[in-house]
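Some notes on the structure that comes next.
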Amino acid sequence: MTTARLSDIAAQAGVSEATVSRVLNGKANVSATTRQTVLAALDVLGYERPTRLRRRSAGLIGLVTPELSNPIFPALAQVIEQVLSRHGFTPVLCTQTPGGSTEDELVEMLVDRGVAGIVFVSGLHADSTADHDRYTRLAGRGVPFVLINGYSERIDAPFISPDDRAAMWMAVQHLAGLGHERIGLAVGQRRYVPVLRKIEGFTAAVREVLGLGAQEAGELVHHTLFSVEGGHAAAGALLDKGCTAIVCGSDMMALGAIRAVRQRGLAVPQDVSVVGFDDSPLIAFTEPPLTTVRQPVEAMATAAVDALLEEVGGNAAQRGEFMFRPELVMRGSTGARAR
């Protein structure tokens with residue numbers, strides 16, 4: 001822990017060193033605004049606040065997320081944690097890992113610790129084959145919750161989702177505009193709601209934009225794992241079907257697809273164009289930089305926390321689904337179809 005230098009804090013806050021000293025020593029005769037400015041300067045410079053100046057926690061909020069190896073999940077978790085902290089709540093991050101704690105075990109642990117509410121990211125609510133009664137039981141125990149990425153009309157809660165169908169339309173229209181006529185989709189297992197929606201958007205787009213029949217559109221969808229390896233395998237199958245462009249259900253899959261293209265001695269985007277989904281951190285720095293559909297992480301995470309804190313405060317938040325529009329970010333992994 002670095003010792004706080006009064007001069008650094010004063011410069012950052014735009015106040016005198018004497019004022020900083022008064023705030024740090026908890027003295028009166030400092031306005032609330034000035035006090036906040038000085039404390040914010042401490043935070044920005046990475047200094048810990050003196051114990052007596054730390055805000056008392058307004059309570060614990062559970063955050064249940066899948067594995068953190070896919071950068072979109074830490075990105076969401078980070079914004080959710082920041083927004084919760086601004087409201088004085090302490091986030092408790094629980095990660096589901098294969099062979100580790102199940103969602104039900106994590107929820108049990110959080111409820112035992114008296115959390116004020118829970119945010120679920122891409123949990124069992126997104127799995128159309130899962131038993132969704134677990135959420136009804138959780139509501140019956142008086143624990144408010146909000147669900148991100150996945151929807152079920154059987155669950156009475158606020159849902160926050162990106163518009164997966166619109167995302168696929170954007171990707172297909174972009175690629176068709178570059179002259180691609182055989183566009184494939186590499187995506188995860190069909191039982192997940194976001195996957196079903198991506199398939200709906202993709203098949204509707206290739207039928208309307210490229211004039212394909214229903215069966216031909218369906219044959220351009222390849223189900224795999226949401227991972228680099230999954231994207232690699234799916235791209236191989238789609239290249240065998242003559243695809244010159246591949247849309248992927250995640251950025252990690254897109255990185256695998258690019259690897260598969262290169263293994264065949266082909267180049268991205270000169271021979272094959274690749275589009276990702278998420279725009280997770282660092283994805284702009286791949287080679288080539290990845291064209292992708294950006295999930296509006298900041299807006300979604302903020303809306304999720306706002307809805308949850310309404311419930312925690314005893315005001316029923318609006319139920320049903322809040323859909324957020326993604327945006328296509330064009331970079332170097334897509335280009336005109338080679339003639």
Side-chain angles (χ1 to χ4, degrees), residues 70 72 149 162-190 192-212 214 216-262 266 268-280 283-284 286 288-295 325-338:
N70 181 342
I72 194 61
N149 265 338
D163 189 337
D164 290 294
R165 295 183 190 90
M168 294 299 104
W169 271 91
M170 291 172 189
V172 169
Q173 284 176 317
H174 168 61
L175 293 167
L178 293 168
H180 294 278
E181 292 163 6
R182 294 283 291 174
I183 301 170
L185 173 64
V187 77
Q189 300 307 304
R190 186 179 277 277
Y192 296 109
V193 173
V195 170
L196 288 167
R197 288 174 169 181
K198 285 187 176 79
I199 295 167
E200 281 173 28
F202 174 82
T203 52
V206 293
R207 289 181 69 182
E208 186 166 320
V209 178
L210 300 176
L212 302 186
E216 198 179 359
E219 286 168 0
L220 293 173
V221 177
H222 190 91
H223 293 280
T224 180
L225 299 174
F226 273 114
S227 63
V228 172
E229 295 74 20
H232 189 129
L238 292 168
L239 291 171
D240 289 342
K241 291 181 178 178
C243 291
T244 62
I246 299 169
V247 181
C248 299
S250 77
D251 291 337
M252 304 315 284
M253 293 171 89
L255 296 182
I258 291 172
R259 195 171 72 184
V261 171
R262 287 181 175 153
L266 301 171
V268 176
Q270 291 81 350
D271 301 304
V272 181
S273 285
V274 176
V275 178
F277 181 83
D278 285 334
D279 196 29
S280 27
I283 215 67
T286 56
L290 188 67
T291 294
T292 187
V293 183
R294 175 182 292 158
Q295 279 204 59
R325 189 164 177 80
E327 94 183 85
L328 179 72
V329 183
M330 286 177 267
R331 298 196 184 103
S333 65
T334 51
R337 178 170 76 97

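For clarity, every value in this text was computed on a predicted model and none was experimentally measured.
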Looking only at heavy atoms, which two atoms of S333 and P288 are closest? And how far apart? CA-CG, 3.9 Å
H180 side-chain N/O to G335 backbone N/O, donor-acceptor pair under 3.5 Å: yes
So for atom CZ, which belongs to R262, do other residues, nucleotides or ligands contribute more than 12 heavy atoms lying within a distance under 6.0 Å? yes
What distance do L290 atom CG and L255 atom CG have between them, rounded to the nearest 0.5 Å? 6.5 Å
Minimum heavy-atom separation for A176 and V209, please, with both atom names. CB-CG1, 3.5 Å
Tell me whether R294 contacts the main-chain N or O of D279 through its side chain, where contact means a donor paired with an acceptor under 3.5 Å. no
Do you know the tightest heavy-atom contact between A217 and R207? CB-CG, 3.9 Å
Using a strict 4.0 Å threshold on nitrogen-to-oxygen distance, state whether K241 and E216 make a salt bridge. no
Looking only at heavy atoms, which two atoms of C248 and V274 are closest? And how far apart? SG-CG1, 4.3 Å
P194: which residues meet the side-chain contact (heavy atoms from CB on, under 4.5 Å) condition with it, sequence neighbours left out? A126, D164, Y192, K198
If you compare all heavy atoms of P289 against all heavy atoms of R331, which two are closest, and at what distance to 0.1 Å? O-CB, 3.4 Å
Got a sec: does the CD of E200 have more than 12 other heavy atoms crowding it under 6.0 Å? yes
Spacing of H222 atom NE2 and M253 atom CE [to the nearest 0.5 Å]: 8.5 Å
